[in-house]
Amino acid sequence: MYSIALFFIIVIFSFSSHSLDLSQDLVIQKVLKGSLEYQKIQAHEKTIGKETAAAEAFLDWRFFLQADLNSQQQNTLNFFENPLQEQQRFLSGVEKKFITGTKVKLQYSVFQFEREFSPEFKKISSSPAATFRHTLGLEVEQDLFRNIFGYEDRLKLNIASHQSEVQRIKLLEETEDLILQVVQQFWKTYISYLSLKLKISKKKDYGNLARITKEKNKYGYVRPGELNQIKAEWEQAKKELILQKTDYKDQLKKLFNFLNNQPPDKVRFVTNSKIPSVPVFNKHLSQTPRKVLLMQKYLLIQKQQLKAHRLTTRPTLKLFGSYGIGGYDKSSSAAFEGLTESKNQDYSLGIKLSYPLPSTSTRRKRIAFSEQAVEASQLEVQITKKEFERLLSSTQENLHILYKALKSAEKIQKFRTLSYKDIRKAFLQGRVNVFELISAKEFSLLSEMEKAQLTARYWRALVYAQAVRDELISSHLQEINSIIK
């Protein structure tokens, strides 16, 4: 007995593990938990700020290293000249730019100079054949114009920051679009599922009518053509059922592709039997809608890019100064000791000026294009605002219209169902012909499908109204946070 009970428990558990109840909210939770589409959005979300990071590259520390050898040999009749000279140089250091428009450079260099004298010159000179110089220097450069106190650099950083903000807004819009897509697919799958149920019922109903009509035909109670017409409708119902099964499987597969899972053996769609009344949305939003904000960000970026292009026509003026200590001697060690004792010191101070010559029209074209882009962005902001105002009112009106139509569809479906029951009873009694029965049956099925389609449209319109007002993600914020945790 124990083994039999265990067997039944395993069988029941295996069947229950392959069934699933699906509702609109559950589908949204699942798509935000494991869908590939949402994982892609999260992957892109981790790259927010890459534009700022790229723009900040000029602030990185930079290490440099250089080594070179210069050899010069010349034949000359002047015995005082050196026939062979070699210069070896090694330098390394670090440099960095700051957001204040300041550039600092610290450099250490070693310079070796070797000469090969002629025999005659060696007799009269005591100059060493090799000399060494060690130098440690600090250079500072400060922008005084165009990029004064880092104005141009900060402008580029601001552009990159706004571009990152644009990316963040786009990802929120993509998340809402994903929710809208999965909600639409949920209701499309539900409509296909309901149509399948109705076609199964239709096939069964016509099968029963065919058997009853066949029995009545034996006693001559069937009008001419009625039996064959019922059989034809039965076959038609079989054909529609076969096609509907294919459509339902395809819609179910699409839905579970969103959920990144395989469809279970059995799916039960959970929908609210009572349709909620139309909510009253606040006409005044607490913050700028994302669609408008996105266009405003684009406009701001275009304006700042125009400023950056105009800056390229201005001259640059920089103040620079340097300080260095060095050691100079015949040997490298002695020269380094001179470096540590700061025997030799160098100072320099000056300015650098560069001016872009207006010799080509390329720069003017860039500025003209930027001005046109700013004007186009300004118009786009105005267009988006008007379109958003239309959406605010149209979504509310559409919900009221759909709600009224849905209530009417419920009454139509109720009356046509009762009508079909009466006509079916009258047909079995021989008081109406088969064509009236078929017509009543089709009208009954059609009214039920229309009711289901209006129900789906109403729920999708509710979700869309939330999306227009940027409330869709916040309405599921608790579920999203629980998923993230």
Side-chain angles (χ1 to χ4, degrees), residues 184-252 254 266-275 401-460:
Q184 182 179 12
Q185 186 57 44
F186 169 79
W187 287 106
K188 285 177 69 175
T189 309
Y190 169 74
I191 294 298
S192 182
Y193 167 76
L194 181 61
S195 180
L196 179 63
K197 285 183 61 178
L198 293 178
K199 284 179 170 53
I200 292 174
S201 175
K202 179 180 177 180
K203 171 179 170 288
K204 182 179 179 181
D205 192 20
Y206 276 125
N208 291 333
L209 288 173
R211 284 189 291 271
I212 293 172
T213 306
K214 189 176 181 180
E215 289 295 326
K216 289 174 61 178
N217 189 48
K218 294 179 181 179
Y219 301 100
Y221 294 132
V222 176
R223 298 173 187 178
E226 285 188 338
L227 178 58
N228 290 328
Q229 186 65 39
I230 287 293
K231 288 181 178 180
E233 294 301 324
W234 188 19
E235 291 299 325
Q236 177 71 14
K238 291 179 182 178
K239 183 193 70 174
E240 291 177 356
L241 179 59
I242 294 172
L243 296 175
Q244 188 58 41
K245 283 182 179 179
T246 303
D247 179 76
Y248 172 65
K249 288 181 180 179
D250 183 57
Q251 297 297 339
L252 191 65
K254 288 180 182 179
K266 185 179 180 181
V267 176
R268 191 173 73 91
F269 292 88
V270 180
T271 58
N272 292 335
S273 57
K274 185 179 180 180
I275 302 299
I401 292 172
L402 287 175
Y403 186 78
K404 291 179 180 178
L406 182 55
K407 289 300 179 181
S408 179
E410 289 177 348
K411 295 178 181 179
I412 293 172
Q413 190 265 335
K414 177 182 177 182
F415 294 146
R416 286 184 174 175
T417 300
L418 294 174
S419 174
Y420 172 69
K421 289 181 179 179
D422 292 340
I423 293 175
R424 189 177 189 276
K425 184 177 179 181
F427 172 77
L428 295 177
Q429 295 174 352
R431 292 186 288 117
V432 296
N433 60 42
V434 69
F435 300 101
E436 294 180 77
L437 175 67
I438 294 171
S439 178
K441 178 66 177 177
E442 293 301 322
F443 276 125
S444 175
L445 295 174
L446 180 62
S447 64
E448 193 161 353
M449 286 302 301
E450 286 180 345
K451 173 191 168 184
Q453 289 169 352
L454 280 172
T455 302
R457 285 183 60 184
Y458 182 75
W459 281 106
R460 292 202 304 265

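Note that the structure is predicted; figures quoted are calculated from it, not measured.
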*Distance from Asn208 atom CG to Trp234 atom CH2, nearest 0.5 Å?*
9.0 Å
*Would you say the side-chain atoms of Asp205 and Tyr420 include a donor-acceptor pair closer than 3.5 Å?*
yes
*Decide, yes or no, whether a salt bridge links Lys202 with Glu442 under the criterion of side-chain N to carboxylate O below 4.0 Å.*
yes
*Thr189-Gln185 side chain donor-acceptor pair, cut-off 3.5 Å*: yes
*Partner of Gln236 under side-chain hydrogen bond (donor to acceptor under 3.5 Å, both in side chains), chosen from Lys238, Glu240, Glu233*: Glu240
*Does the side-chain contact (heavy atoms from CB on, under 4.5 Å) test come out yes or no for Ile212 and Leu428, once each step is laid out?*
CA-CA 8 Å; Ile212 293 172; Leu428 295 177; 3.5 Å; yes
_Nearest heavy atoms of Ala405 and Leu454, plus distance in Å_ = O-CD1, 3.6 Å
*Donor-acceptor pair, Asn272 side chain versus Lys274 backbone, under 3.5 Å?*
no
*asked:* Please find the pair of heavy atoms, one from Leu194 and one from Ala452, that lie closest to each other, and give the distance.
replied: CD2-CB, 3.1 Å
_Minimum heavy-atom distance between Ile275 and Trp459, given as atom pair plus value_ = CD1-NE1, 3.8 Å
*Is there a donor-acceptor pair closer than 3.5 Å between any side-chain N or O of Gln413 and the backbone N or O of Lys451?*
no
*Enter the distance from Leu209:CG to Leu437:CG here, rounded to the nearest 0.5 Å.*
5.5 Å
*Under 4.5 Å between any side-chain heavy atoms of Lys441 and Ile423, yes or no?*
no
_Polar side chain donor-acceptor pair, Ser195 to Lys199, under 3.5 angstrom_ = yes
*I would like to know whether Glu436 and Asn433 meet side-chain contact (heavy atoms from CB on, under 4.5 Å); could you show each step before the answer?*
CA-CA 6 Å; Glu436 294 180 77; Asn433 60 42; 3.3 Å; yes
*Relative to the ring of Phe269, is the ring of Tyr248 parallel (under 30°), tilted (30 to 60°) or perpendicular (over 60°)?*
perpendicular
*Using a 4.5 Å cut-off on heavy atoms from C-beta on, say whether the side chain of Tyr206 contacts that of Glu235.*
no
*asked:* The test is side-chain contact (heavy atoms from CB on, under 4.5 Å); show your working for Val434 and Ile438 and say whether it passes.
replied: CA-CA 6 Å; Val434 69; Ile438 294 171; 4.0 Å; yes
*Measure the spacing between CD of Glu448 and CD of Gln453 and express it to the nearest 0.5 Å.*
11.5 Å
*Can you tell me how far the NZ atom of Lys214 sits from the CD1 atom of Ile230, to the nearest 0.5 Å?*
14.0 Å
_Donor-acceptor under 3.5 Å (Ser419 side chain, Phe415 main chain)_ = no
*Should the ring pair Tyr193 and Tyr190 be called parallel, tilted or perpendicular, given that the plane angle runs from 0 to 90° and is split at 30 and 60?*
tilted
_Between OG1 on residue Thr213 and NZ on residue Lys231, distance to nearest 0.5 Å_ = 10.0 Å
*asked:* Is it the case that over 12 heavy atoms from other parts of the model lie below 6.0 angstrom from the NZ atom of Lys407?
replied: yes
_Using the rule given for side-chain contact (heavy atoms from CB on, under 4.5 Å), can you reason through Trp187 versus Arg460, listing the C-alpha separation, both sets of side-chain angles and the distance that settles it, and then say yes or no?_
CA-CA 8 Å; Trp187 287 106; Arg460 292 202 304 265; 3.9 Å; yes
*Give a yes or no on whether the backbone of Lys188 and the side-chain of Ser192 come within a donor-acceptor separation of less than 3.5 Å.*
no
*Measure the OG1-CG distance between Thr455 and Leu406 for me, rounded to the nearest 0.5 Å.*
4.5 Å
*Is Phe443 atom CZ crowded by more than 12 heavy atoms from other residues, nucleotides or ligands, each under 6.0 Å away?*
no
